[in-house]
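Letters A, B, ... mirror the listed sequences (proteins, then strands); counts begin at 1.
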2 protein chains.
Amino acid sequence: MSILFSRQCEYAIKAVVYLAVKKDGERVATNELTRRLNIPYHFVAKILQNLTKKGLLRSAKGPRGGFSLALPANEITLFDIVDAIDGTAFTRSCLLGFPECSGKNPCSVHNAWALQRESIQEMLVGKNVSQLARDMKKPEYQSRRKG
Amino acid sequence: MSILFSRQCEYAIKAVVYLAVKKDGERVATNELTRRLNIPYHFVAKILQNLTKKGLLRSAKGPRGGFSLALPANEITLFDIVDAIDGTAFTRSCLLGFPECSGKNPCSVHNAWALQRESIQEMLVGKNVSQLARDMKKPEYQSRRKG
DNA sequence: AGTATTTCGGAGTCTTTTCTCTGAATATAA
DNA sequence: TTATATTCAGAGAAAAGACTCCGAAATACT
Ligand code: FES
Ligand code: FES
C-alpha cells in the first residue's frame with residue numbers, strides 16, 4: 001500500500017505537523033483534525049493517545065481540551081514520530097527480507113540499498129516539525145480567516 | 001511490514017533471481033524454490049503464475065517442468081518485477097498520502113522525498129537480474145555440489 | 001495406456017491493519 | 001450542580017494482505 005510508512009504513521013505525521021502549525025501550546029481537538037485532515041475520528045484519536053504515551057504530545061480532557069506538542073517543535077523530528085509508530089527496524093533490515101543484513105553475505109541489492117536507506121534516515125532525523133510546519137504548503141494546513 | 005516492497009514482491013524478486021542464477025532456460029520447480037528460499041509453496045506458485053501471465057517467466061507442466069525466465073536475464077530489471085507485482089504508483093504519489101503530489105502545493109517532505117524516490121527508481125531500473133544473480137552472495141543461492 | 005509430477009485456477013482460511021463503537025473519566029462553563 | 005465537550009480504554013467490525021487447499025489439466029516416463 002503506502003511505501004515507507006504505514007497509514008497510522010502517515011496520519012501521525014500529518015497530525016503532529018498540524019499541531020506544529022498552531023501557536024505554541026495551543027490545543028487542537030480530534031474533531032478539528034478529522035475535519036481538516038480527513039482522518040477517521042476514532043483512529044486519529046487512538047494514534048494521538050499513543051503519541052501522548054510516548055511523550056511527544058500532551059493531552060487535556062474536557063471542553064477546550066485537545067492535543068498539543070509536549071516539546072518545542074524544533075525538538076521533534078520526523079524520525080521520532082516514525083520511531084514511535086512504525087519503529088525503525090527498516091534502517092537495519094534487508095530490503096529483500098533475508099534474516100540478516102550486513103556486508104558479509106550481502107543480498108543483491110545490499111550495497112545500493114544501504115546507501116539509500118542511510119540517506120532516508122538522514123532525511124528523517126534532519127527534519128524537525130518546526131521546519132515541516134513551515135514547508136507544508138497544502139491548503140489543509142492554512143489557518144482560516146474568520147467569516 | 002517490509003518497507004518499499006510487499007511480501008509477494010519480495011518473494012518474486014528472490015525467486016526470479018534464483019532462476020537467473022541457473023543456466024539459460026533451465027527449469028526450476030516450485031518445490032526447489034520452497035526448499036531453498038524458504039517461501040511457502042502455494043504462495044510462491046501463485047506469484048510465479050502471475051509473473052508468467054505478465055510475460056516475465058515461462059512455465060512448463062509435468063515432470064521436469066517448472067519455471068524459467070522468458071527473457072534474457074539482462075533484459076529483466078528489478079523495476080519490471082516490482083511493476084508486475086506491487087505496481088509503481090509510489091514513484092508518483094505523496095509520501096504522506098496526500099491526494100496529489102507535485103511541486104505546486106507540496107507537502108513538507110516533498111522536495112526531499114522527490115529526490116529520494118527518483119534515486120530509488122533509478123536503482124530499480126538500473127539493476128537487471130543478471131547483475132542481481134551475480135551480486136547475490138546469500139548461501140541460499142549457491143548451487144550445491146552433489147554428495 | 002497408465003502413473004507420477006508438475007503447473008493452473010479458483011476458492012477458502014488465517015492474520016494484520018485499518019477503522020468503528022461504546023462507555024467511561026475529566027474538565028469547563030453556565 | 002448540571003450540561004457539555006473532550007480524552008481515555010478496550011473491545012469489535014471490516015478490509016487487506018498473506019497463505020492454504022483442492023481438483024483439474026498437461027507432460028514425461030515406463
Ligand atoms: S542483505 Fe539485503 S539489504 Fe542488506
Ligand atoms: S506532495 Fe507529498 S511527497 Fe509530493
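- No contact: A:Ala45 has no heavy atom under 4.0 Å from any strand.
- If you find the closest nucleotide of DNA chain D to A:Tyr41 and to B:Pro63, the one lying nearer the 5' end belongs to A:Tyr41.
- By the 6.0 Å contact criterion, NZ on A:Lys53 is open, its count of non-hydrogen atoms from other residues, nucleotides or ligands being 12 or less.
- Among the nucleotides C:dG10, C:dC8, C:dC19, the one closest to the side chain of A:Phe43 is C:dC19.
- In this model, no side-chain donor or acceptor of B:Lys53 finds a partner on the base of C:dG9 within 3.5 Å.
- At the heavy-atom level, A:Phe67 lies under 4.0 Å from the strands shown only through sugar-phosphate atoms.
- Proximity of B:Thr30 to the phosphate of C:dT7: a side-chain N or O atom is located under 4.0 Å from OP1 or OP2.
- Taking only side-chain atoms of A:His42, from C-beta outward, the nucleotide of C:dC21, D:dA18, C:dT7 with the closest atom is C:dC21.
- Taking atom CD1 on A:Ile39 and atom P on C:dC19, their separation rounds to 10 Å, with Å as the unit.
- A distance-only check finds no donor-acceptor pair linking the side chain of B:Arg27 to the backbone of B:Gly65 [under 3.5 Å].
- Comparing atom distances between the A:Ala29 side chain and each of D:dT6, D:dC8, D:dG10 picks out D:dT6 as nearest.
- A:Ile76 approaches A:Leu56 most closely through the heavy-atom pair CD1-O, 3.9 Å.
- Note on A:Tyr11: a side-chain N or O is less than 4.0 Å away from OP1 or OP2 of C:dC19.
- OP1 or OP2 of C:dC8 sits under 4.0 Å from a side-chain N or O of B:Ser59.
- In this model, the phosphate group of C:dT5 is not approached by any side-chain N or O of B:Arg64 to a distance below 4.0 Å at OP1 or OP2.
- Note: CD (A:Glu26) to P (D:dT6) measures 13 Å, nearest angstrom.
- The side chain of A:Gln8 sits closest to C:dT18 out of D:dA9, C:dT18, D:dT20.
- Note that B:Lys14 lies in the cation-pi zone of A:Phe98, set by a 6.0 Å cut-off to the ring centre and a 45° limit from the axis.
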